[in-house]
Every structure is written in structure tokens, then in C-alpha cells.
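Worksheet: the structure to be examined is printed underneath.
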Number of protein chains: 2
Amino acid sequence: MKLSSDITQHLAASGIRLTKQREQVLGVLLQKRDHPTAGELFLRVRRHVPSISLATIYNSLEALVDCGLVKQVHVDRAATRFCANLMNHSHFYCNHCGTVSDISVPRDSSWNLPPGFVVTQADVSLRGACPNCSKNSL
Amino acid sequence: MKLSSDITQHLAASGIRLTKQREQVLGVLLQKRDHPTAGELFLRVRRHVPSISLATIYNSLEALVDCGLVKQVHVDRAATRFCANLMNHSHFYCNHCGTVSDISVPRDSSWNLPPGFVVTQADVSLRGACPNCSKNSL
DNA sequence: AACTGATTTAGAACAATTCTTGATCTCATT
DNA sequence: AATGAGATCAAGAATTGTTCTAAATCAGTT
């Protein structure tokens, strides 16, 4: 597993130390982009670092989120999911198969808010049927 | 506390029984529209029905959500909040004072999804500063 | 090599929610 | 009014995802 210089720079810039554990967490997150939960990441990373603990997964994720390399995905109140897609995007949750797809984020201008509101973060999550499931259920 | 015939009809139509507990939960939710959590509702409703249990708050909310009279509001993974605003709307969470404001929902057309995705529910939550706080923090 | 602070680990603690069980209530039928 | 069936309620236990704590380990610096 090799991190792009892009990413290592990002890490250095934020002053976060690149430990074996963090490297693996990020690596696993980059490898299979299916928005895993902390628990799922734990199982995957453990294959490479058998001694890792769940707390370290959480710690690593916190560090990576803090330095902007990883984003959290919230769908309802289900377990937080994580993704390493740094593009500004939102998520689509399929009610049938449970997969989470990245989708491009709507134009900022589409929030027609009353005056005075200042938006710093927009969190859009859509639900419904993904292309696969909408095809099959017809 | 008197429920509008609109609402009682809605209840009857969904076949949910209007018990004292459910009536109070809905009443309290209609009375102060500040998007309380289940715990907050528990404290408020207990003033009218001292014997009510938290489990009943959850049960009542479930029934009311099922029949469409109440909506859940999710902001990150914090405790679920509830609101009785039946208009199609989204929520704005103020990072400074923590209040949740209703905002009108963006036009459906603004999700430009790849073909095949069928949206059944859109959950938009914005964060930032509400008019009050954006004014004061300058 | 010793020191300092950051990081890791394991498990305890926590908060929100759901589940379980037995008691109570409601309504329809007599 | 009494009965029975099913819905609802209350209390607390259980579950789940996450955070906290404390001790052990590690990395980089003197």
C-alpha cells in the first residue's frame, strides 16, 4: 500500500504523525470505497495489523477527519460511515441493498434561505433505489 | 390542549389509537416547535402525565412518525429530534446557539443524479450561523 | 541512553435507543 | 356490566455505537 505524495503532503501540512495504524486505516479506506463503518474498518485493518484495537480505529479516523483527509457520512442515526473521497459530494443510500453511493453535491445557490443564515456545511443524504435495485424491482 | 380536526382525522385514517400519552406527546410537540429530543419530550410530557415512561415516549413517537404526523430530524449522529411541521422542509443547525430552524426544502430538480437513481426521500441538513448568531459574532 | 509527549491498547463507561415482560387499558361482543 | 382479544403502557434490562481512562509503548529530541 502506497500513499500518493498528494496525501502525504496533506498529512505533513496538518502536523499529524503518519503512524502504521493511521496509514493502514487510510489505505484500507482508499482501497475499497464502500463507505465502511468504524467496525467494518476494524475488521479490515486487523488483517494487516492484527494487534490494532477498535479505539485506535476511532482515534485514527478522528485524526484523519481533523486534517481533512477523510469525511464522515451520516445516514439517519446509523453508525457513522467514512470515506476518503475529498471531492465535495453528498450521499445516496439505497433502501434495498444498503449501499451508499457518492453523488455530486447540488449547487450552493439552491438553498434559498431567509436572510441572515450563513451556511458553513451542507449535509445532503438522499434515499431511494440505486440504479441496480430500481432496475431489478420493476 | 385541543388537536385540530385535521390531525385527529389523520390519526383515524392511519388506524392509530389516540391515547392520552400520544395526545400529550403530539400536543407538546405542537406547542413548542423547537425540535426536542425524546429525552426533552419526556421531561415536558411528564409534567402533564407524571407516570409516563421514556419507553412510551419512544413508542408514541414511533406511532406518530409512522402515521406521518411527526418527522424525525437528524443532525450528525446526535440524538434524534422530532418536529410536527408537516410541510416538506429541511433543517438548519446553528453551530453557535444549537437551535434548529426549519427551512424550505430545495427544488427537487436540483439533485442532478446519474440515471437510474430513484429518490424517495431527501434529507438536507445545513450547518452554520443563524441570523441571531451571525449578527452578534461580527 | 534518558526524557517528553504522542500514540496505542484494552477495557470500562456512556448515551441513545430498543427490547422484554408483565400489567393495564380499550373496544367489540355478549 | 362481564368477557376476551389485542393494543398499549411502564420499568428496567439489553444493545449499539462511541468516547473515556489508564497504563504500556513508541518516536523524536536532548
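Below, read A as the first sequence line, B as the second, and so on, with proteins coming before strands; counting in each chain starts at 1.
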Holding to ring-ring contact (aromatic ring centres under 6.0 Å, His included), I want the full list of residues that pass it with His35(B), two or more places apart in sequence or in another chain.
His91(B)
Between dA24(D) atom C1' and Ile52(A) atom CD1, what is the distance in whole Å?
16 Å
Tell me, which pairs form a salt bridge (charged side-chain N to carboxylate O under 4.0 Å, His left out) where one or both residues lie in residues 54-79 of chain A, sequence neighbours left out?
Asp76(A)-Arg127(A)
Sequence neighbours excluded - salt bridge (charged side-chain N to carboxylate O under 4.0 Å, His left out) pairs with any residue from residues 49-59 of chain B:
none
Between Cys94(A) and Cys130(A), the two heavy atoms sitting closest are SG-N, 3.5 Å
Rounding to an integer number of Å, can you tell me how far Asn59(B) CG sits from dA11(D) C1'?
12 Å
Using distance only, find each side-chain donor-acceptor pair of residues 52-61 of chain B under 3.5 Å and give its atom names and separation, not counting sequence neighbours.
| from | atom 1 | to | atom 2 | distance (Å) |
| --- | --- | --- | --- | --- |
| Ser53(B) | OG | Ala55(B) | N | 3.4 |
| Ser53(B) | OG | Thr56(B) | N | 3.3 |
| Ser53(B) | OG | Thr56(B) | OG1 | 3.2 |
| Asn59(B) | ND2 | Ala55(B) | O | 3.4 |
| Ser60(B) | OG | Thr56(B) | O | 2.8 |

Listed partners of Phe42(B) passing ring-ring contact (aromatic ring centres under 6.0 Å, His included), at least two apart:
none
Set out, in order, the CA-CA distance, both residues' side-chain angles and the distance that settles side chain to side chain contact (heavy atoms under 4.5 Å, CB included) for Tyr93(B) and Ser101(B), then state yes or no.
CA-CA 7 Å; Tyr93(B) 176 82; Ser101(B) 316; over 6 Å; no
Qualifying residues under salt bridge (charged side-chain N to carboxylate O under 4.0 Å, His left out), relative to Asp34(A), sequence neighbours excluded:
Lys32(A), Arg44(A)
Interatomic distance, Ile57(B) CD1 vs dT8(D) P [rounded to whole Å]
16 Å
Tell me if a side-chain donor or acceptor on His48(B) pairs with a main-chain N or O of Arg46(B) at a distance below 3.5 Å.
no
If you look only at pairs with a residue in residues 67-86 of chain B, which of them pass as a ring-ring contact (aromatic ring centres under 6.0 Å, His included), with sequence neighbours excluded?
none
Angle, rounded to 10°, between the helical axes spanning five pairs at each terminus of the helix from dA1(C)-dT30(D) to dT30(C)-dA1(D)?
10°
Tabulate protein N/O versus nucleotide N/O from nucleotides 14-19 of chain D, keeping only pairs under 3.5 Å, one per line.
| from | atom 1 | to | atom 2 | distance (Å) |
| --- | --- | --- | --- | --- |
| dT18(D) | OP1 | Thr80(A) | N | 2.8 |
| dT18(D) | OP1 | Thr80(A) | OG1 | 2.7 |
| dT18(D) | OP2 | Tyr58(A) | OH | 2.6 |
| dT18(D) | O5' | Tyr58(A) | OH | 3.3 |

Is there side-chain contact between Pro115(A) and Pro131(B), with heavy atoms separated by less than 4.5 Å?
no
Please check the phosphate of dC9(D) (OP1 and OP2 only) for any side-chain N or O of Ser53(B) closer than 4.0 Å.
no
I need the CD-C1' distance between Glu62(B) and dA16(C), as an integer number of Å.
15 Å
Mind calculating the distance between CD (Glu23(B)) and P (dC25(C)) to the nearest angstrom?
17 Å
Figure out the CD/C1' separation between Glu40(B) and dT17(C), and round it to whole Å.
15 Å
dA10(D) phosphate, OP1 or OP2: any side-chain N/O from Ser51(B) under 4.0 angstrom?
yes
If you restrict it to nitrogen or oxygen atoms, what contacts under 3.5 Å exist between nucleotides 12-15 of chain C and the protein, and what is each distance?
none

Ser104(A) OG to Leu113(B) CG distance, which is reported to the nearest 0.5 Å:
7.0 Å
Measure from CG on Leu18(B) to C1' on dT8(D) and round the result to the nearest Å.
13 Å
Pairwise N/O distances under 3.5 Å, protein to nucleotides 4-7 of chain C:
| from | atom 1 | to | atom 2 | distance (Å) |
| --- | --- | --- | --- | --- |
| dT7(C) | OP1 | Arg22(A) | NH1 | 2.9 |
| dT7(C) | OP1 | Arg22(A) | NH2 | 3.4 |

Output the rest of the hydrophobic cluster of Val118(B): all Ile, Leu, Val, Met, Phe, Trp and Tyr residues reachable through side-chain heavy-atom contacts under 4.5 Å, sorted by chain and number.
none
